[in-house]
Amino acid sequence: MAKRSSDELFQLIRSLGKAEKRNFKLFVQRNLGTADLKITTLFDAIDKMEEYDEEVLLRKVKSLKKIQIPNLKASLYRQILASLRTLRDDNNIENQLHEQMEYARILYNKGLFQQSLKMLQRIKDAAKTYHQTTFWHQALVFEKKIEQLHITRSIQNRAELLSTEVNTLNERLSLVGNLSNLSLQLYSWYINVGHARNAKDAAAIQEFFASRLPPDAHLTKGFFARLYLYQAYCWHALILQDFLMYYRYTQKWVDLFRDEPHMYRVETLFYVKALHNLLLAHFMLRKHKKYDETLTLFEAFSHTEEANANDNIRVQTFVYLTIARINGHFLKGTFSEGLYLVPEIEEKLAQYQLLIDHHRTLVLYYKIASLYFGAGDAEKAIEYLHRIIHWKVNLRSDLQCYARLLHLIAHYELGNFDILEHLIKSVYRFMAQMETLSVVEEEIFRFLRKVFQLNSPARVRAAFVILKEKLEKLQDSPFESRSFMYLDIIAWLESKIAGVPIQEVIRNRESGLAEGGKR
């Protein structure tokens with residue numbers, strides 16, 4: 001696992017592309033000349049480092065003194081940001097509105113009040129079109145200031161009109177704020193815990209959601225109000241594993257952008273996340289045709305100008321599209337075919353290591369491990385599961401628990417019975433501490449404790465049959481179904497009983513569902 005440097009200047013420099021580095025050099029020459037060559041010297045030295053180490057830096061660049069480093073780093077950081085500002089994206093609506101707001105202030109300071117008011121009206125019109133309520137609010141505040149300080153005679157009843165507009169906007173801002181808070185808090189719960197583990201979790205989430213959902217939420221209008229409303233319903237349904245509800249609101253989330261296509265380039269990441277969640281809904285509901293259609297849509301979008309507008313969008317698109325591609329192989333039972341994705345994923349994780357958050361990295365490691373396990377390569381699965389187990393991050397306790405469970409089963413597959421008893425106790429203790437131990441996991445632990453002690457293939461097979469029958473009865477239980485999402489334990493048991501690979505079991509099962517018309 002690549003080690004991340006926490007030095008902010010190092011992270012900023014490593015995030016720069018070739019064009020941005022070239023622009024920085026030109027910017028420094030134009031604005032500083034030869035007055036401060038130490039800044040460019042420091043920039044070049046850090047740019048060549050794979051990991052930031054101040055002692056190594058001082059040894060390599062003799063002209064730099066330790067006492068100078070803090071001030072030089074602070075100055076270099078500011079200069080890099082200033083140079084990046086000159087490369088701003090003129091297609092970005094926020095940049096345009098910010099620039100126009102500066103123009104309005106310049107005109108006002110020149111005493112050209114009417115021209116400033118016209119500029120502010122243009123800002124408001126654009127802000128309304130693109131749902132940029134904060135800029136709309138700034139423009140209104142500035143308008144009120146002008147009207148309070150000067151006699152503009154711009155329009156009759158100006159005070160009443162501005163007051164009404166401010167009241168309307170304040171109501172909208174309040175609604176959007178409440179809905180965004182609700183969405184964020186639910187999402188935070190999911191990131192830290194995952195799905196509801198028991199009736200207590202479910203009741204707590206239901207009460208939290210109901211108590212904070214605004215009255216008449218179904219009548220909500222406005223792009224961002226509906227966006228956060230749909231997100232809140234999505235996270236609520238996902239936590240409770242209500243996948244039909246999850247699908248309904250992820251589809252509404254995607255449709256929101258289709259209804260207002262000009263918002264694709266304004267809130268691109270929200271659209272990317274909408275596609276990701278819609279794909280997850282199709283995956284959970286085993287909707288092959290819908291999954292393929294949405295994945296094709298996502299693939300096409302990944303090549304658009306919007307999806308490649310900046311590093312942040314490019315990286316997030318890579319993460320979500322990669323998860324979608326892997327899940328597609330899980331859905332169809334084509335694990336071996338999906339292994340071609342691994343080298344590219346490793347390459348991108350190394351390239352984007354400073355830009356991808358720990359949570360997404362954990363998810364990708366688990367996906368890769370599951371891909372190898374499904375393809376019959378338990379050793380490689382263990383290699384990736386170790387990356388999760390030995391990475392001390394306080395995120396996704398559910399994912400970390402199932403990584404340990406899959407790790408346990410992978411060792412059983414390899415016949416490592418000498419360490420299995422110790423692993424069973426260790427994993428059982430870990431999951432019990434996390435309060436995630438379900439009936440399904442209890443049954444799996446009970447099975448593994450005794451199965452490697454059975455000395456007859458017939459008795460082992462009979463034990464697999466018994467466990468499969470027990471678990472099949474639990475598949476529709478609301479608090480047990482999460483166990484089957486992380487690990488297709490039924491497919492594994494069927495593969496052991498029939499003596500065929502897991503992917504063959506899944507392919508046969510999915511083709512049988514298709515023939516039965518259950519898609």
Side-chain angles (χ1 to χ4, degrees), residues 12 15-17 19-20 81 84-85 87-100 123 126-136 176 179-180 183-184 187 191 222-235 238 249-282 291 293-325 327 345 348-349 351-352 354-357 359-361 363-364:
L12 177 60
S15 74
L16 300 177
E20 291 169 329
L81 291 179
L84 289 174
R85 191 179 181 188
L87 291 173
R88 68 184 178 204
D89 179 11
D90 289 332
N91 290 322
N92 185 297
I93 188 62
E94 291 182 357
N95 286 345
Q96 293 175 19
L97 291 172
H98 182 75
E99 184 178 68
Q100 290 176 18
I123 293 170
K128 292 173 187 177
T129 300
Y130 293 100
H131 307 284
Q132 301 298 304
T133 49
T134 54
F135 283 100
W136 183 5
V176 169
L179 288 170
S180 64
S183 171
L184 180 61
Y187 185 60
I191 291 298
F223 180 87
F224 281 103
R226 286 182 294 157
L227 174 71
Y228 293 127
L229 176 67
Y230 299 158
Q231 284 182 357
Y233 270 107
C234 281
W235 309 143
L238 186 59
Y249 281 95
T250 53
Q251 187 65 66
K252 285 177 178 288
W253 186 351
V254 171
D255 290 343
L256 189 60
F257 283 88
R258 292 178 183 171
D259 293 340
E260 300 197 47
H262 57 280
M263 294 302 293
Y264 282 119
R265 69 182 178 90
V266 180
E267 293 296 343
T268 310
L269 280 177
F270 274 133
Y271 178 64
V272 168
K273 197 154 190 172
L275 289 174
H276 164 67
N277 281 279
L278 181 57
L279 279 161
L280 278 181
H282 292 320
Y291 192 93
E293 289 174 357
T294 306
L295 181 55
T296 299
L297 177 65
F298 198 178
E299 293 274 8
F301 182 77
S302 71
H303 299 294
T304 63
E305 183 180 343
E306 289 87 353
N308 293 277
N310 57 54
D311 288 339
N312 189 23
I313 297 173
R314 195 177 300 111
V315 168
Q316 296 304 312
T317 299
F318 153 71
V319 170
Y320 289 130
L321 192 53
T322 298
I323 291 172
R325 287 166 176 163
N327 282 348
I345 297 172
K348 293 294 186 182
L349 284 175
Q351 180 183 346
Y352 298 142
L354 298 176
L355 304 175
I356 298 179
D357 61 78
H359 171 252
R360 303 299 173 203
T361 305
V363 171
L364 287 174

Exercise for the section: For residues Leu269 and Gln316, report the shortest heavy-atom separation together with the two atoms involved. Expected result: CD2-CB, 3.5 Å
Handout entry: Shortest non-hydrogen separation from Ile313 to Ala309 and the atoms involved
Key = CD1-CB, 4.2 Å
Practice task
Answer yes or no: is there an ion pair linking Glu299 with Arg325, defined by an N-O contact shorter than 4.0 Å?
Solution key: yes
Practice task
Quick one: do Asn277 and Cys234 satisfy side chain to side chain contact (heavy atoms under 4.5 Å, CB included)? Show the steps, please.
Solution key: CA-CA 8 Å; Asn277 281 279; Cys234 281; 5.5 Å; no
Problem - Reported CZ-to-OG1 distance for the pair Phe301 and Thr296, which is rounded to 0.5 angstrom - result: 15.0 Å
Handout entry: Heavy-atom donor-acceptor pair, Glu94 side chain to Asn92 backbone, under 3.5 Å
Key = no
Practice task
Can you measure from CG (Asn310) to OG1 (Thr268) and round to the nearest 0.5 angstrom?
Solution key: 8.0 Å
Exercise for the section: List the steps and the verdict of side chain to side chain contact (heavy atoms under 4.5 Å, CB included) for Leu321 and Leu295. Expected result: CA-CA 8 Å; Leu321 192 53; Leu295 181 55; 3.9 Å; yes
Fill in the blank from the handout: OG1 of Thr294 to CG of Leu280, rounded to nearest 0.5 Å, is 11.0 Å
Problem - Residue pair Phe135 / His98: nearest heavy atoms and the distance that separates them - result: CE2-N, 3.6 Å
Handout entry: Short side-chain to backbone donor-acceptor contact, Thr322 and Phe318, under 3.5 Å
Key = yes
Handout entry: Option from Trp253, Phe223, Phe257 for which ring pair (Phe, Tyr, Trp, His ring centres under 6.0 Å) with Tyr271 holds
Key = Phe257
Problem - Evaluation steps, side chain to side chain contact (heavy atoms under 4.5 Å, CB included), between Lys348 and Ile356 - result: CA-CA 10 Å; Lys348 293 294 186 182; Ile356 298 179; 5.9 Å; no
Completion exercise
d(Asn327 CG, Leu279 CG) to nearest 0.5 Å is 8.5 Å
Handout entry: Exercise: identify the closest heavy-atom pair between Ser15 and Glu20
Key = O-OE1, 4.0 Å
Completion exercise
Heavy atoms of Leu179 and Ala225 approach each other most closely as CD1-O, 3.2 Å
Completion exercise
Between Ile323 and Tyr291 the two heavy atoms that sit nearest each other are O-OH, 4.4 Å
Handout entry: Pairing of Asp255 and Lys252 as salt bridge, 4.0 angstrom limit
Key = no
Problem - Chi angles and distances behind the side chain to side chain contact (heavy atoms under 4.5 Å, CB included) call for Leu184, Trp235 - result: CA-CA 9 Å; Leu184 180 61; Trp235 309 143; over 6 Å; no
Problem - Inter-residue atom distance Thr129.OG1 - Trp136.CH2, 0.5 Å rounding - result: 10.5 Å
Exercise for the section: Would you check if Gln132 and Phe224 make a side-chain contact, meaning some heavy-atom pair closer than 4.5 Å? Expected result: yes
Handout entry: CD on Glu306 to OG1 on Thr304, rounded to 0.5 Å
Key = 4.5 Å
Exercise for the section: For His131 and Glu267, test the side chains for any donor-to-acceptor distance below 3.5 angstrom and give the result as yes or no. Expected result: no
Practice task
Could you tell me how the ring of Tyr230 sits relative to the ring of Tyr249: parallel (under 30°), tilted (30 to 60°) or perpendicular (over 60°)?
Solution key: tilted
